[in-house]
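For reference, the structure is listed below as C-alpha cells.
Below, chains carry the letters A, B, ... as their sequence lines are ordered, and counting in each starts from 1. Keep in mind that the numbers below use all heavy atoms, side chains included, and drop hydrogens, waters and symmetry copies.
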Amino acid sequence: MTLPPTRYWLMKSEPEDCSIDDALAAPDATVPWTGVRNYQARNFMRDGMQVGDGVLFYHSSCAEPGVAGIARVASGTRVDTTQFDPASPYFDPKSAPDKPRWLLLDVQALRKTRVLGLAEMREQPALAAMRVLQRGNRLSITPVEPGEWELITQRLLA
DNA sequence: GCCAACGTTGGC
DNA sequence: GCCAACGTTGGC
C-alpha cells in the first residue's frame with residue numbers, strides 16, 4: 001500500500017480558548033487538540049491525519065475570523081481525557097472510560113501569520129470550494145486541497 | 001443578539 | 001427507522 005501524498009488540514013480554534021499565540025507559547029509550541037466532539041472530525045484525526053501533515057490554524061467565533069497561523073500534526077491520536085472530567089466544558093457523560101468516544105492529537109504551531117479573513121478568502125476563486133467558506137459549515141477539522149494550501153500559505157508568508 | 005445550518009436526541 | 005424538536009456553531 002502506497003502512502004498518500006502529504007496532506008493538509010484546517011483546524012478551528014476559538015482564540016479565547018487557544019489562540020495561535022497560546023500554541024506558540026506552549027512547550028515545543030505543541031498543544032493537545034482537546035474538545036473535538038463531532039464524529040466526522042474525530043474520524044479525520046483517527047483515519048486521515050498523519051504526523052507532519054500541514055495545518056491551517058483558524059480562529060473562529062471571534063472578532064477577526066480567519067487563518068491566523070501555520071502548524072503541523074505532531075502526534076497520532078490518543079484518548080481525550082477531558083471527556084471524563086465533569087468539570088470540563090468538554091465533559092461527555094455518555095462516554096465510558098473503558099470505551100472512550102473522543103480522541104485528540106497534538107498540534108505544533110510553526111508560525112503566526114497575519115489573519116487571512118473570510119472576505120479575502122472569498123475573493124479567491126480557487127478557494128471557493130473550501131468547507132470553511134460554505135454557509136452553515138460547522139465542522140472544526142476539514143481537509144484542505146494542495147492547491148488551496150499553496151495559495152493560502154503563499155499569501156500569508158509573502 | 002440574530003438566525004441559518006447542522007448534528008443529536010428521543011418518541012413513536 | 002422516521003422525523004420533529006432541540007441544542008450548538010459561528011458569521012454577521
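- Look at K94(A) and you'll find a side-chain N or O under 4.0 angstrom from OP1 or OP2 of dT9(B).
- Taking only side-chain nitrogens and oxygens, R122(A) comes nearer than 4.0 Å to OP1 or OP2 of dC12(C).
- Between Y90(A) and W33(A), the ring centre distance reaches or exceeds 6.0 Å.
- Ionic pairing of R114(A) and E120(A) is present here: one or more N-O contacts between side-chain nitrogen and carboxylate oxygen are shorter than 4.0 angstrom.
- Not one side-chain nitrogen or oxygen of Y90(A) sits closer than 4.0 Å to the OP1 or OP2 atom of dT8(C).
- Considering only the side chain of Y39(A), dT8(B) comes nearest among dG11(C), dG7(B), dT8(B).
- Rounded to whole Å, atom P of dT9(C) lies 17 Å from atom NE2 of H59(A).
- Nucleotide dA5(B) holds its C1' atom 14 Å from the CD atom of Q40(A), rounded to whole Å.
- In this structure, M121(A) places its CE atom 11 Å from P of dG11(C), rounding to the nearest Å.
- To the nearest angstrom, P of dG7(B) lies 15 Å from CD1 of I141(A).
- Computed from coordinates, the Q134(A) CD to dA4(B) C1' distance equals 14 Å when rounded to whole Å.
- You'll find the ring centres of W102(A) and Y39(A) inside the 6.0 Å limit.
- Under the 4.0 Å criterion applied to side-chain N and carboxylate O atoms, D92(A) and R37(A) are not assigned as salt-bridge partners.
- Residue R135(A) places no side-chain N or O under 4.0 Å from the OP1 or OP2 atom of dA4(B).
- With dG7(B), dG11(C), dG10(C) as the choices, the nucleotide that has an atom nearest any side-chain atom of Y58(A) turns out to be dG11(C).
- Taking atom CG of D92(A) as the reference point, atom P of dG7(C) lies 17 Å away to the nearest angstrom.
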